[in-house]
Amino acid sequence: MPELPDVEIFSRLVRNHCRGHVITKATVLDPGIIEGVSGRALDQRLRGRRIEASRRHGKYLFIELNGGGAVAMHFGTNGSLRFTAEGEADPPYTRLRLNFARGTGLAYLNPRRIGRVSLCESPDAFIAHLDLGPDALDSAFDLRAFSAILKESKPGIKAVLMDQMLIAGIGNIYSDEILFQARINPDTPANRLDTKRVAQLFSAMHDTLETAILCGAGSEQGAERLPKGFLIPQRRKGGHCPGCGTSLATGKTGGRSSYFCPQCQPH
DNA sequence: TTAAGTGTTGCTCT
DNA sequence: AAGAGCAACACTTA
C-alpha cells in the first residue's frame, strides 16, 4: 500500500506536525523493524535531536535531524505514520515511537512487520547506496529521461515502472492505475512503446500520482476519495472497468497480481 | 478448517 | 544473465 503518494502524505505529516520538535526519547516496541542499530543505540543517538525537515525519495521517507543525519523509513506492505496527541495511547501495531516534549509523539505502525527503520548519515548517500532510480515526481526527471529508461528496457512496462532502480516510488497498485489511465497493456515490452504512448504514459504517471496525493492517499479514507474513473476502487476480483464496464482481467508478473481492462488496454 | 492471497524487498534458483 | 520464485509477516477471504 505505501507507495509514493502514501509516503508523500507521511512526509507532509512529519513536516507539518513534527518539524522543530526535539526528540526526548525513542521508544522501540519491536526491535525487529530496526536495522543496523540496537534499540538502545537508536534511542541514544536520537535523544535531544531536533527534527529539521522531512523528505521523500520513492517509497523511502527521511526525517532529517539537526547536526546532520536522518532517520530513514520504509513502510513495507502496510506500514504507516501517526502523530499522537498528549495522553493518547499507542495505536495498534506501533513498532517505534519518537517522543516529543509535552507528551506528543510520532508513531511508526507496521502490522505485518515488513519494512524497516534505520539511521543514515545523509539521505543522498542512502539513496545512492540502494541504487534507487530518480523519484517518479522529481522535476528533473522529465519526459526525456523517462523515455531514455524505457527505450533501454525490454521487460513488460509494468515491471519497468515498478523497478525501483529504474524509477523510484511506483508499486503494484499504482502501476496498475497509471497503465489504466494511459490505456496501455501491462505486458507491453517497454522498449516497444512509441513516442506518443511514452508521452501519454509519462503524463498519466504524473497525473495519477499527483491526484492520489491530493486525495490524501495513505489516510484511511484515501481510496474512497479518489476521483471517478480511477481503477483502484475496482481493483479486486469481480471488479469492472470504470470506463466501459468490462470485467477486469488479471495477470501475474513475478508473483505480483495485475488488474487491467482487456477492452481499454488491449495488447 | 485449511489454504491461498495480499504488498515490498532481497535473496536464491534456473 | 535476465527472469522467475520464494521468504519475510499478519491478517483477511475463499
Side-chain angles (χ1 to χ4, degrees), chain A residues 1-11 28-36 56-62 72-81 90-96 107-118 120 126-133 135-136 149-180 186-192 208-209 212 217-220 222-223 226 230-239 247-260:
Chain A
M1 220 198 306
E3 301 180 27
L4 186 153
D6 314 284
V7 181
E8 178 61 30
I9 297 295
F10 301 150
S11 181
V28 178
L29 295 91
D30 179 359
I33 57 102
I34 299 180
E35 195 173 68
R56 180 192 61 70
H57 186 101
K59 302 172 188 173
Y60 285 87
L61 174 68
F62 300 97
M73 292 181 166
H74 191 281
F75 299 91
T77 59
N78 62 350
S80 64
L81 229 40
D90 284 337
Y93 308 110
T94 299
R95 308 296 179 187
L96 167 71
Y108 172 90
L109 286 56
N110 204 324
R112 266 172 239 178
R113 306 176 65 220
I114 296 178
R116 56 199 170 277
V117 175
S118 57
C120 64
F126 187 92
I127 291 161
H129 182 251
L130 287 178
D131 208 11
L132 293 175
D135 184 84
I149 286 172
L150 298 202
K151 205 181 299 177
E152 288 173 25
S153 305
K154 61 180 176 191
I157 184 60
K158 168 153 165 134
V160 173
L161 287 178
M162 288 198 298
D163 187 336
Q164 303 302 300
M165 291 168 69
L166 296 176
I167 302 167
I170 301 168
N172 201 29
I173 304 286
Y174 281 99
S175 61
D176 277 357
E177 186 67 61
I178 290 165
L179 289 166
F180 174 73
D187 291 325
T188 313
N191 59 8
R192 296 253 298 274
T208 301
L209 296 175
S219 66
E220 263 107 300
L226 288 172
F230 262 57
L231 177 77
I232 290 174
Q234 284 294 315
R235 195 188 174 283
R236 53 182 163 73
K237 236 178 268 174
S247 290
L248 295 180
T250 57
K252 272 272 200 239
T253 324
R256 323 298 305 283
S257 59
S258 63
Y259 288 75
F260 64 98

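In what follows, chains carry the letters A, B, and so on, assigned in the order in which the sequence lines appear, proteins first and then strands, with residues in each chain numbered from 1.
- Using a 4.0 Å heavy-atom cutoff across all strands shown, P155(A) reaches sugar-phosphate atoms only and no base atom.
- The bend of the helix from dT2(B)-dA14(C) to dT14(B)-dA2(C), defined by the angle between the axes of its first five and last five pairs, stands at 60° to the nearest 10°.
- Note: I9(A) CD1 to R56(A) CZ = 10.0 Å, rounded to the nearest 0.5 Å.
- Regarding contacts with the backbone of dT8(B), every side-chain N or O of H74(A) stays at 4.0 angstrom or more from both OP1 and OP2.
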(message) What verdict does the side-chain contact (heavy atoms from CB on, under 4.5 Å) test give for L61(A) and F75(A), after you've listed the backbone C-alpha separation in whole Å, the side-chain angles of each residue and the deciding distance to 0.1 Å?
(response) CA-CA 9 Å; L61(A) 174 68; F75(A) 299 91; 4.0 Å; yes
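- Between H57(A) atom NE2 and dT9(B) atom P the separation is 12 Å, expressed in whole Å.
- Rounding to whole angstrom units, CZ of residue R236(A) and P of dT12(C) are separated by 19 Å.
- No donor-acceptor pair closer than 3.5 Å links the side chain of E35(A) to the backbone N or O of R116(A).
- R116(A) places its CZ atom 13 Å from the C1' atom of dC11(B), with the value rounded to the nearest Å.
- Listed by chain and number, the residues in a side chain to side chain donor-acceptor pair (under 3.5 Å) with R256(A) amount to none (sequence neighbours excluded).
- Atom NZ in K154(A) sits about 6 Å away from atom P in dG3(C), given to the nearest Å.
- Distances were taken from every side-chain heavy atom of Y259(A) (C-beta onward) to each of dT6(B), dC11(C), dT8(B); the shortest belongs to dT6(B).
- For dT9(B), the OP1/OP2 oxygens have a side-chain nitrogen or oxygen of K59(A) closer than 4.0 Å.
- The side chain of R113(A) contributes no N or O atom lying less than 4.0 Å from OP1 or OP2 of dA7(C).
- Each of T253(A) and I114(A) lies near DNA chain C, and the nucleotide nearest T253(A) is the one positioned closer to the 5' end.
- Salt-bridge check for K59(A) with D6(A): failed, with every basic side-chain N at 4.0 Å or more from each acidic carboxylate O.
- Within the structure, a side-chain polar atom (N or O) of Y93(A) is placed less than 4.0 Å from OP1 or OP2 of dC11(C).
- Rounded to whole Å, atom C1' of dG7(B) lies 11 Å from atom CG of D6(A).
- E152(A) contributes no side-chain N or O that, together with a main-chain N or O of L150(A), makes up a donor-acceptor pair within less than 3.5 Å.
- Remark: P of dT9(B) and CG of D131(A) are 14 Å apart, rounded to the nearest angstrom.
- Residue N78(A) is out of contact with every strand shown, counting any heavy-atom pair closer than 4.0 Å.
- Between dT9(B) and Y60(A), no contact under 4.0 Å exists linking OP1 or OP2 to a side-chain N or O.
- Judged by distance alone with a 3.5 Å cut-off, a donor-acceptor contact links the side chain of R112(A) to the base of dG7(B).
- In this structure, M165(A) atom CE and dA2(C) atom C1' are separated by 13 Å, rounded to whole Å.
- Take the nearest nucleotide of DNA chain B for L130(A) and for T77(A): the residue whose nucleotide is more 5' is T77(A).
- As rounded to whole Å, 17 Å separates atom P of dT12(C) from atom NZ of K237(A).
- To the nearest 0.5 Å, atoms CG (N172(A)) and CD (E177(A)) are separated by 12.5 Å.
- Taking CG of L29(A) as the reference point, atom CG of L96(A) lies at 7.5 Å (rounded to 0.5 Å).
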